[in-house]
Amino acid sequence: MKFYKISRELMEPSTMLKAPFHSIRPMRRTVFNHLFAVVYTIALLFLLYHHGFKLLSSTTFPSFFISISMFISDLLLAFLWFTAQGFRIRPVTREVFPENLEEMIDKKDFPAIDIFICTSDPYKEPPIDIVNTALSVMAYDYPTEKLSIYVSDDGGSELTLFAIMEAAKFGAHWLAFCRENKVLDRSPAEFFRLQETKNSKTEKIKTMYEDMKRRIENVVENGKVAQYITSQQEHEAFSPWTKTFTHRDHPTVIQVLLESGKDIDVSGHSMPNLIYVTREKSITSPHHYKAGALNTLLRVSALMTNAPIILTLDCDMFSNNPRTPYNVLCYFMDNSIRPKLAYVQFPQCFHGVNKNDIYSSEMQRGFHINTKGMDGLTGPHCMGTGCFFMRRALFGGPSAMLQPEMPQLSPDHVVSSPIRSQHILELAKIVAGCNYEFQTNWGEQMGFRYGSLVEDLYTGYRLHCQGWKSIFCQPQRAAFLGNIPISLLEALNQVKRWAVGHLQFSFSKYSPLTFGIQAMGGMSLDYIQYGFLPLWSVSITIYTFLPQLTLLNGIYIFPKVTSPWFFLYAFLFLGAYAQDCLEFLFSQATLRRWWSEQRIWLIRGLTCYLFGTLEYLMQILGIATHGFNVTSKAVDDEQSKRYYQGLFEFGVPSPIFLPLATAAIISFAAFLYGTMLVLKGGNTEDVFVQLFIAGFGVLNCLPIYEAMIIRTDKGKMPTKTTITSIIIASGLYLAAFLMLQI
Ligand SMILES: O=c1ccn([C@@H]2O[C@H](COP(=O)(O)OP(=O)(O)O[C@H]3O[C@H](CO)[C@@H](O)[C@H](O)[C@H]3O)[C@@H](O)[C@H]2O)c(=O)[nH]1
Ligand SMILES: [Mn+2]
């Protein structure tokens, strides 16, 4: 059996074509990676042997406890290191040549694109952001009659509908302005932020934008739209929002705000279709969060436009390049790869990241480095946003199409009625109903898959298992730019949700450990790595507390500096760190950003991975349920100032900070105690490794000490958290003291 499957068609440039649309190049570091992996594996085997030996020779309970803990910790680290090698099997880089595409294919033969924008809470996701996202794609440099924008509002909010109506009106000016002035930044907010040249035309459109923004922000602040509703038509649009309408219980509302061919912009060009959808919700029916919202849009759009290509976007991810669809077509229009190509994924890129990216929001490893590794095998994982799908891929495997329950929903169906037709709107309401999916294949074999809070990763994975491929497209200029959480709590809660989602995925009946390996061989390693990410918490927690607590009790658990085993530890630590760091630097990240990433990795291990795992366990035991806690994109000015100063934002007490603060205290105490021992002329040989680990912890915890002791601003560590963690740290020390005396 082949260890890993590389799809040849996806590997070669489109040689069939005289002027290729795209090319691919394996990365040069691959050979080194493979050699290093062999050496590292041998070192790991030695380490496990060393642990086995220590375990067998433990005679007392404390020594057995320490040996088994270190063994488990290193075993998990070895497992996670091994699965991470999946990303190093064959990393590749790609290039696209859209100029060749335009030369060879007539624009009128370009496929239509349906763009899905998801939002779910007008207070956490400011409607003005959605407007910017919508306008940035409505203004794509693409035949407008082939573009349809569907906004899914899971918050069921009239405030959002109001904002989208405003976008439709302002769009008539904005689209014409962009076309006439060949604007590159087609999100108005971004354009005006960067705008350098001032002339009367830009000033005029800027005033219009500011007026619109004020109106939208006013309605959000007042919580109602009434003051701006003038026409009868608008009154009717908002009529579903009766007293009984709540965001968790309400009927479907579908509003066609723009119809291509009928609505024109101020220069007389056709506008794209723009449709607002809030699906029916009922407290008694599951709605499957974003995956459910996307499936509703899949059905509604099938009835209205049924474009063969779909772009999924989160409301905060605006388009940063109007020519992005051309990059995508370089792959979708290549007949040699199209039959098996499910999606083209752009990396998630963000604006407003601070200098050293303190929360590692850029996710350099997850969104850039690893993805290139996956791209050389079956393809990148799906990241939920900035992903262009072939509609067909969501209906069965490449060679066996799954027909939906209604023929009009099939990707083959040809739409013949205008989108405002009464019968289409009526049918659309039915397919957006909250019980529509009952006893159908939706979410299980069709559309976006249910069962994991990381519906993006899970859906991409299921498609890969079915034999579909995907492609990673990473042009120089980011295709999309999104917002990032600027408070530590928000950043950790986001990853905690992912951790729960990863575990749901790993322990599902489609686990990458069993089903995945059978379906896609070595590529499954990559998914195992993601699915079991929360396991880092076990090793990181052990390494954060055990060496330090034992050091404080005068017990040395690592080899002496003079022992050959010490060199093994040194090699394993430095080797993994150096390789990780080099990969970052090759990926054009700075050393400081790499440091932030390794620090946040430790922080996540102690906080969100741990809490996520606990939440997942509680869910399995039926003690708690949890949902999709949407990340807040609302910005607080003071918080944002602190973020740009590079300060960690704690502020409000949260249990999730406790392990972090406790670890900081214990590392500091151990480091101090160890240093004292050494200064007093103690045996440095024995103390060294534990002192080093404590010192490394202290170095990583510098911003935490600052937040605990020095800072006085609102984002400092809450005193309550500091006191509680001092108590926990003392308790842990006492427990260790008592246990180690046995
Ligand atoms: O019931 C829900 C919950 C969320 N969303 C939307 O889902 C998107 C992502 O939510 P967000 O809170 O921004 O999550 P992130 O963690 O930032 O998102 C990442 O992780 C998600 C999976 O957890 C993916 O869906 C996203 O594409 C990916 O960017 C947003 O547009 C939400 O409005 C819904 O439409 N319905
Ligand atoms: Mn998001």
Side-chain angles (χ1 to χ4, degrees), residues 110-119 130 133-134 137-138 140 142-154 161 164 168 252-261 263 271-280 288 290-315 325 328 332 342-343 384-385 387-395 401-433 436-437 440-443 446-448 455 459:
F110 282 0
I113 305 179
D114 285 346
I115 301 177
F116 297 173
I117 302 175
C118 286
T119 185
I130 313 166
T133 300
V137 286
M138 282 161 70
Y140 260 159
Y142 200 74
T144 38
E145 68 281 5
K146 291 178 190 280
L147 278 182
S148 305
I149 290 87
Y150 293 83
V151 176
S152 154
D153 177 17
D154 256 359
L161 173 59
I164 305 300
T252 301
V253 183
I254 298 178
Q255 298 278 342
V256 177
L257 302 174
L258 291 174
E259 184 175 351
S260 172
D263 292 296
M271 297 281 280
N273 294 315
L274 176 64
I275 299 115
Y276 168 90
V277 179
T278 177
R279 57 190 167 134
E280 185 189 13
H288 303 291
K290 182 179 167 189
L294 289 172
N295 283 341
T296 304
L297 286 192
L298 262 177
R299 295 190 293 269
V300 170
S301 66
L303 298 171
M304 293 184 158
T305 46
N306 212 16
I309 296 176
I310 288 164
L311 162 63
T312 58
L313 273 185
D314 290 348
C315 56
V328 176
F332 284 140
Y343 59 89
T385 177
C387 190
F388 284 83
F389 283 93
M390 284 299 279
R391 184 183 285 266
R392 162 70 184 84
L394 295 157
F395 296 82
M401 179 158 148
L402 199 60
Q403 281 298 344
E405 58 295 332
M406 237 189 232
Q408 296 95 316
L409 301 182
S410 164
D412 293 340
H413 171 69
V414 181
V415 178
S416 51
S417 315
I419 57 175
R420 281 194 175 110
S421 320
Q422 202 51 35
H423 74 278
I424 297 262
L425 289 172
E426 272 163 24
L427 205 52
K429 276 194 178 167
I430 294 174
V431 298
Y436 175 80
E437 291 179 350
T440 64
N441 280 321
W442 290 96
M446 202 185 281
F448 294 83
E455 80 301 320
T459 301

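In this text, all values refer to a predicted model and were calculated from it rather than measured experimentally. The figures here come from the full heavy-atom set of this structure, side chains too, leaving out hydrogens, waters and symmetry mates.
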K.L.:
Does any N or O in the side chain of Thr312 come within less than 3.5 Å of the main-chain N or O of Phe116, such that one atom is a donor and the other an acceptor?
P.N.:
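Side chain of Thr312 to backbone of Phe116, a donor-acceptor pair under 3.5 Å: no, none is there.
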K.L.:
Identify whether the distance between the nearest side-chain nitrogen and carboxylate oxygen of Arg279 and Asp153 falls below 4.0 Å.
P.N.:
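Between Asp153 and Arg279 there is no salt bridge, as every charged N stays at least 4.0 Å from the carboxylate O atoms.
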K.L.:
Please round to the nearest 0.5 Å and tell me the distance separating atom CE of Met271 and atom CG of Leu258.
P.N.:
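The CG atom of Leu258 is 4.5 Å from CE of Met271, to the nearest 0.5 Å.
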K.L.:
Short question: side chain of Thr459, backbone of Phe448 - any donor-acceptor pair under 3.5 Å?
P.N.:
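Not a single qualifying donor-acceptor pair exists.
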K.L.:
With a 3.5 Å distance limit and no angle check, can you tell me whether Ser410 reaches the backbone of Pro407 through a side-chain donor-acceptor pair?
P.N.:
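No.
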K.L.:
What I want to find out is whether Lys290 reaches Asp154 closely enough, with some N-O distance under 4.0 Å, to be called a salt bridge.
P.N.:
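Judged by the 4.0 Å cut-off on N to carboxylate O distance, Lys290 and Asp154 do not form a salt bridge.
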K.L.:
Could you tell me the separation between the CE atom of Met446 and the CG atom of Leu402, rounded to the nearest 0.5 Å?
P.N.:
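So the CE of Met446 and the CG of Leu402 are separated by 4.0 Å.
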K.L.:
Between Phe110 and Tyr142, does the ring centroid distance fall short of 6.0 Å?
P.N.:
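Centroid distance Phe110-Tyr142: below 6.0 Å, so yes.
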K.L.:
With side chains defined as the heavy atoms from C-beta onward, is the minimum distance between Phe389 and Leu311 less than 4.5 Å?
P.N.:
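Of all side-chain heavy-atom pairs linking Leu311 with Phe389, none is under 4.5 Å.
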K.L.:
Working to the nearest 0.5 angstrom, can you tell me the gap between Ile164 CD1 and Leu274 CG?
P.N.:
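Rounded to the nearest 0.5 Å, the CD1-CG separation comes to 6.5 Å.
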K.L.:
Kindly write out the residues that satisfy ring-ring contact (aromatic ring centres under 6.0 Å, His included) with Tyr140, not counting sequence neighbours, or none if the list is empty.
P.N.:
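Testing Tyr140 for ring-ring contact (aromatic ring centres under 6.0 Å, His included), a comparison that skips the adjacent residues, returns none.
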K.L.:
Can you tell me how far the OH atom of Tyr276 sits from the OG1 atom of Thr119, to the nearest 0.5 Å?
P.N.:
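Between atom OH of Tyr276 and atom OG1 of Thr119 there are 9.0 Å.
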K.L.:
Would you indicate whether the side-chain heavy atoms of Val431 and Met406 approach each other to under 4.5 Å?
P.N.:
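Met406 reaches Val431 side chain to side chain.
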K.L.:
Can you tell me how far apart SG (Cys118) and CG (Asp314) are? Round to the nearest 0.5 Å.
P.N.:
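Nearest 0.5 Å value for the SG-CG distance: 6.5 Å.
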K.L.:
Just wondering, do Tyr150 and Asp114 contact through their side chains at under 4.5 Å, heavy atoms?
P.N.:
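Yes, close enough: below the 4.5 Å cut-off.
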K.L.:
Answer whether the closest heavy-atom distance between the side chains of Ile419 and Thr305 falls below 4.5 Å.
P.N.:
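Yes. Closest side-chain heavy atoms under 4.5 Å.
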K.L.:
Where do Asp412 and Arg392 land on the salt bridge (charged side-chain N to carboxylate O under 4.0 Å, His left out) test, with the steps shown first?
P.N.:
CA-CA 8 Å; Asp412 293 340; Arg392 162 70 184 84; over 6 Å; no
K.L.:
Using a 3.5 Å distance criterion without hydrogens, assess whether the side chain of Ser301 forms a donor-acceptor pair with backbone atoms of Leu297.
P.N.:
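Yes, the answer is positive, given that a donor and an acceptor are paired below the 3.5 Å cut-off.
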K.L.:
For the residue pair Pro111 and Pro308, what are the closest heavy atoms and their distance?
P.N.:
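Heavy atoms only, the tightest pair is CB-CG, 3.8 Å.
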K.L.:
Would you check if the side chain of Thr133 reaches a backbone N or O of Cys315 as a donor-acceptor pair within less than 3.5 Å?
P.N.:
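Yes, the answer is positive, given that a donor and an acceptor are paired below the 3.5 Å cut-off.
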K.L.:
Would you say Thr296's side chain and Gly292's backbone share a donor-acceptor pair under 3.5 angstrom?
P.N.:
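Yes; at least one donor-acceptor contact below 3.5 Å.
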K.L.:
Give a yes or no on whether the backbone of Ala302 and the side-chain of Arg299 come within a donor-acceptor separation of less than 3.5 Å.
P.N.:
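Pair absent, no side-chain N/O of Arg299 close to backbone of Ala302.
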